[in-house]
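Computed from a predicted structure; not experimentally measured. Remember, it's 1-based here, ligands and their atoms both numbered in the order they're listed.
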Amino acid sequence: MAFLKVWKAVCQAESVVPILVIPRMTFLLKPATFSGPCKSSNIFVQVLGNLVAPNTKWAWIGHHINTWLTFSNVSGLSIIGQQGRIDGQGSAWWPQPCLQQNVQNGAKCNGPTALTFDTCNDLQLNGLAHINSPRNHMTVKNCNGVVISNLHIIATETSPNTDGIDIPGSTNIQIGNSNIKTGDDCIAISGGSSNISITGVTCGPGHGISIGALGYGGYDRVEGIHVSNCTFKGTMNGVRIKTWQGGNGYARKISFENIKLVQVNNPILIDQFYCPSRVDCQNKTSAVELSDISYSGIMGTSTADEAINLSCSQSGGGCCTDISLDRVYIASTIPGKKTNANCFNAHGRSTHTKPTVKCLMQ
Ligand SMILES: *[C@@H]1O[C@H](CO)[C@@H](O)[C@H](O)[C@H]1NC(C)=O
Ligand SMILES: *[C@@H]1O[C@H](CO)[C@@H](O)[C@H](O)[C@H]1NC(C)=O
Ligand SMILES: *[C@@H]1O[C@H](CO)[C@@H](O)[C@H](O)[C@H]1NC(C)=O
Ligand SMILES: *[C@@H]1O[C@H](CO)[C@@H](O)[C@H](O)[C@H]1NC(C)=O
Ligand SMILES: *[C@@H]1O[C@H](CO)[C@@H](O)[C@H](O)[C@H]1NC(C)=O
């Protein structure tokens, strides 16, 4: 209640830029939504202390189960971390991971997302530590103009569904200089997002950076995603694009540049047959089209033999076009062992690349 009360005062403050300072103490917060629009076009939140979620599921009774802390419809918000910490205390939720089957059966298996920004312009997030979320640590949804930097996002490798940053339906986003170690995707970009730049991020453990899964029974578009100067350490995947069979739309103008791989299981992956539920996995007559996707300066080691897997759909009239690889060198973690590439129905070219990608022009 104290937080909601102070938020109301900050949000209603007119004149100068209001500043909300969360002092160097630990605060236990029940699920809360901080709503706008606010009177001032800029609001600063300075987090010096720890915000801690309840460590049992009971605290969510009577609340929306999907989220813990939400900022909704607030523009010009800057949250500056300075040693601040957001602790989701998620371990009570982890034993029942949300499998795709359960989602389709409508089961309430998901824990809450720790921090959600829904509908915003000009958001800045800097310097916070985000730990042990019940589900994904952060969702940036329907936002435009976001700068995220110097974050530390940490949950154990075995914690299910604990994505670092999820970005659905958002545009003009920059993510820089951050360290993300979790049990699921480092950063996941989904439908309706465009113009996103990710640079200087270290991922791992976790599942790497992913675009998708796109086209689950509908239309999705993703455009202008640039991932550069990132390192993947011990992740299940490196850079992954996944689409379901049967969707429509596109993902295009995507680049992965200057990427360092350290013991990554599937460094480069395009999967247009994504279907983790293994229910209704038939091939369909349409697919989200992938085009203008480039991988350049990607080097390091893979723990699997298959370092590159470009598995493109045959439906939808040329589903993977203008795919390019240049200066991609991926060796096995086992000295002397060869890596290889699986390439199915992908069109484009590869230069200075090992392993050789046979279905692309050399
Ligand atoms: C955001 O605020 C605007 C302006 O008051 C309002 O029209 C809109 O419905 C709000 N949107 C959401 C998602 O709350
Ligand atoms: C893309 O985002 C950057 C900032 O991240 C901005 O400077 C640029 O104008 C945006 N481009 C488009 C086409 O919106
Ligand atoms: C990535 O690193 C290179 C070399 O250090 C640098 O020239 C380039 O500007 C960096 N890219 C971004 C987007 O920061
Ligand atoms: C490559 O990806 C496709 C599509 O997901 C999958 O069926 C195949 O098993 C993968 N190849 C290997 C060797 O893992
Ligand atoms: C879908 O198509 C791919 C590529 O032709 C093939 O490998 C796979 O077996 C098909 N899957 C099903 C369920 O028919």
Legend entry - Contact summary for Arg85 and Leu128, nearest pair of heavy atoms: N-CD2, 4.0 Å
Inset, instruction - Could you check atom 13 (C) of ligand 1 against the protein and tell me its nearest heavy-atom contact, residue, atom and distance included? - result: Thr119 OG1, 3.9 Å
Inset, instruction - Measure the distance from atom 1 (C) of ligand 2 to every protein heavy atom, then report the residue, atom name and distance (to 0.1 Å) of the closest one. - result: Asn195 ND2, 1.4 Å
Inset, instruction - For atom 2 (O) of ligand 4, grab the closest protein heavy atom and report residue, atom and distance to one decimal in Å. - result: Asn309 ND2, 2.4 Å
Legend entry - Qualifying residue, where the test is side chain to side chain contact (heavy atoms under 4.5 Å, CB included) with Val140 and the options are Thr116, Asp118, Ile173, Ile189: Ile173
Inset, instruction - Write out the residue and atom name of the closest protein heavy atom to atom 3 (C) of ligand 4, then the distance separating them to 0.1 Å. - result: Ser311 OG, 3.3 Å
Exercise answer: donor-acceptor pairs, residues 198-214 side-chain atoms, under 3.5 Å, sequence neighbours excluded:
{"residue": "Thr199", "atom": "OG1", "partner": "Ser228", "partner atom": "O", "Å": "3.1"}
{"residue": "Thr199", "atom": "OG1", "partner": "Ser228", "partner atom": "OG", "Å": "3.1"}
{"residue": "His207", "atom": "ND1", "partner": "Asp184", "partner atom": "OD1", "Å": "3.3"}
{"residue": "His207", "atom": "NE2", "partner": "Gly183", "partner atom": "O", "Å": "3.2"}
{"residue": "Ser210", "atom": "OG", "partner": "Asp185", "partner atom": "OD2", "Å": "2.9"}

Inset, instruction - Go through ligand 2 atom by atom and flag the ones less than 4.0 Å from a non-hydrogen atom of Gln174. - result: 4 (C), 5 (O)
Legend entry - Approximate separation, where rounding is to 0.5 Å, of Ile268 CD1 and Ile293 CD1: 11.5 Å
Legend entry - atom 11 (N) of ligand 2 touched by protein heavy atom at under 4.0 Å: yes
Inset, instruction - Can you sort out which atoms of ligand 4 are near Asp271, meaning under 4.0 Å from one of its heavy atoms? - result: 4 (C), 5 (O)
Inset, instruction - Any atoms of ligand 4 less than 4.0 Å from a non-hydrogen atom of Glu306? List them with their elements. - result: 1 (C), 10 (C), 11 (N), 12 (C), 13 (C), 14 (O)
Inset, instruction - Check the hydrophobic clustering (I, L, V, M, F, W, Y; side-chain heavy atoms under 4.5 Å; chains of links allowed) and say if Met236 and Val239 are grouped together. - result: no
Legend entry - Distance (rounded to the nearest 0.5 Å) between Lys260 NZ and Met299 CE: 12.0 Å
Legend entry - Under 2.5 Å between SG of Cys320 and Cys312: yes
Legend entry - Residue and atom name of the nearest protein heavy atom (relative to atom 4 (C) of ligand 1), distance in Å to one decimal: Pro37 CG, 3.8 Å
Inset, instruction - Check whether any N or O atom of Asn73, backbone or side chain, sits under 3.5 Å from an N or O atom of ligand 1, and answer yes or no. - result: yes
Inset, instruction - Please identify which atoms of ligand 4 are closer than 4.0 Å to at least one heavy atom of Asn342. - result: 1 (C)
Inset, instruction - Look at atom 7 (O) of ligand 1 and say whether a protein heavy atom is found at less than 4.0 angstrom from it. - result: no
Legend entry - Residue pairs involving residues 333-362 (criterion salt bridge (charged side-chain N to carboxylate O under 4.0 Å, His left out); sequence neighbours excluded): Asp305-Lys337, Asp322-Arg349
